[in-house]
Amino acid sequence: MTDAAALPGQPRGGVLSGPATARAVNVLAPNASAMTLDGTNTWILSEPGSERAVVIDPGPLDEGHLRNVVDTAERAGRRVALTLLTHGHPDHSEGAARFAELTGTKVRALDPELRLGDEGLAGGDVVTVDGLELRVVPAPGHTADSLAFHLPADGAVLTGDTVLGRGTTVVAHPDGRLGDYLDTLRRLRSLTVDDGVHTILPGHGPVLEDAQGAVEYYLAHRAHRLAQVETAVENGHHSPSDVVAHVYADVDRSLWPAAELSVRAQLEYLREHGLI
């Protein structure tokens, strides 16, 4: 068995649901799959001793899960005051409208189609609720509308699908773009170097205790895959499906359709930079 401390990002062992930092509690959605890992992490954030909380990514449209999120907050003596979305993929956002009905909250997101209320979200925004401070970090790449949330009081960043607690994520071409994704990873690395971020609270999988190590691993992984794709094209593998079969031969075939999205993004990046 591999020691978790030796894995990229030092994933935290144990049960995923429950307190993760002084201000963050996870409620795991019951939607585990090859793509969602153990399920979607729905985060409840609040300042210690406060009466109101913020929820990030209510998750799928699962009535039991949504009510469990509300109940978890209420058992801690808090009511949900605001709902935020990291991005619009259904496993993160599908339940948002129903959750807003249950809590009477507004939903803020980068994509106007996902908002309930007049306020959106954009990089550089600061969200405050009862002393809790969240800094909105632009994080395009996995999708065009992806955001991360910096929780400075806990030295943490909530990454949605940009960085996962286990494995790596998909650049969901054509909406997702590799150049944007690499810029986002560098932005997250700057948070770990310059802003004291040491913990990643991901959208799927366990909490990562070594934020810088995780981001460095992601950057190295992307560089390695990009070099593999470039070599595959040079060796005559031109179609995305052919490149996937050649480069991702060690990956579970059920994940090849998702891998093809990343390959399409990589091919686009290589063409844009005149490398193929």
Just so I know, are the side chains of [X] and [Y] near enough to count as touching, which here means a heavy-atom distance under 4.5 Å?
X      : Y      : result
Arg23  : Leu132 : yes
Tyr181 : Tyr218 : yes
Leu147 : Pro140 : no
Gln10  : Leu208 : no
Leu185 : Arg189 : no
Val55  : Val69  : yes
Tyr248 : Val243 : no
Leu134 : His150 : no

Measure across [X] and [Y] and return the closest heavy-atom pair with its distance rounded to 0.1 Å.
X      : Y      : result
Ala109 : Leu114 : CB-CB, 3.9 Å
Pro58  : Leu84  : CD-O, 4.4 Å
Trp256 : Ala249 : CZ2-CA, 4.1 Å

> Do Glu101 and Arg98 pass the salt bridge (Lys or Arg N to Asp or Glu O under 4.0 Å) test, and can you show the C-alpha distance, the side-chain angles, and the key distance before you say yes or no?
Replying inline: CA-CA 5 Å; Glu101 290 179 356; Arg98 174 58 180 152; 2.9 Å; yes

Is a donor from one side chain sitting under 3.5 angstrom from an acceptor on the other, for [X] and [Y]?
X      : Y      : value
His204 : Asp91  : yes
Asp57  : Thr86  : yes
His65  : Thr42  : yes
Thr72  : Arg75  : yes
Asp145 : His87  : no
Ser146 : Thr162 : no
Asp154 : Thr21  : yes
Asp210 : His198 : no
Asn26  : Asn41  : yes

>> Going by the rule side-chain hydrogen bond (donor to acceptor under 3.5 Å, both in side chains), which residues pair with Glu230 if we only count those two or more places apart in sequence or in a different chain?
In response: none

>> Pair Glu133, Arg135 - check salt bridge (Lys or Arg N to Asp or Glu O under 4.0 Å), show working.
In response: CA-CA 7 Å; Glu133 179 184 296; Arg135 300 175 185 174; 2.7 Å; yes

>> Test of understanding: clusters of I, L, V, M, F, W, Y form through side-chain heavy atoms closer than 4.5 Å, transitively. Do Met35 and Leu85 belong to the same one?
In response: no

> Quick one: CG on Leu270 to CG on Leu275, what's the gap to the nearest 0.5 Å?
Replying inline: 5.5 Å

> For the atom pair NE2 (His246) and OG (Ser239), what is the distance rounded to the nearest 0.5 Å?
Replying inline: 12.0 Å

>> Could you go through Asp118 and Lys106, starting from their C-alpha distance and side-chain angles, then the distance that decides it, and tell me whether this counts as salt bridge (Lys or Arg N to Asp or Glu O under 4.0 Å)?
In response: CA-CA 9 Å; Asp118 297 330; Lys106 297 178 180 179; 5.5 Å; no

> Can Arg177 and Glu268 be said to form a salt bridge (Lys or Arg N to Asp or Glu O under 4.0 Å), step by step?
Replying inline: CA-CA 8 Å; Arg177 293 174 56 85; Glu268 179 182 65; 3.4 Å; yes

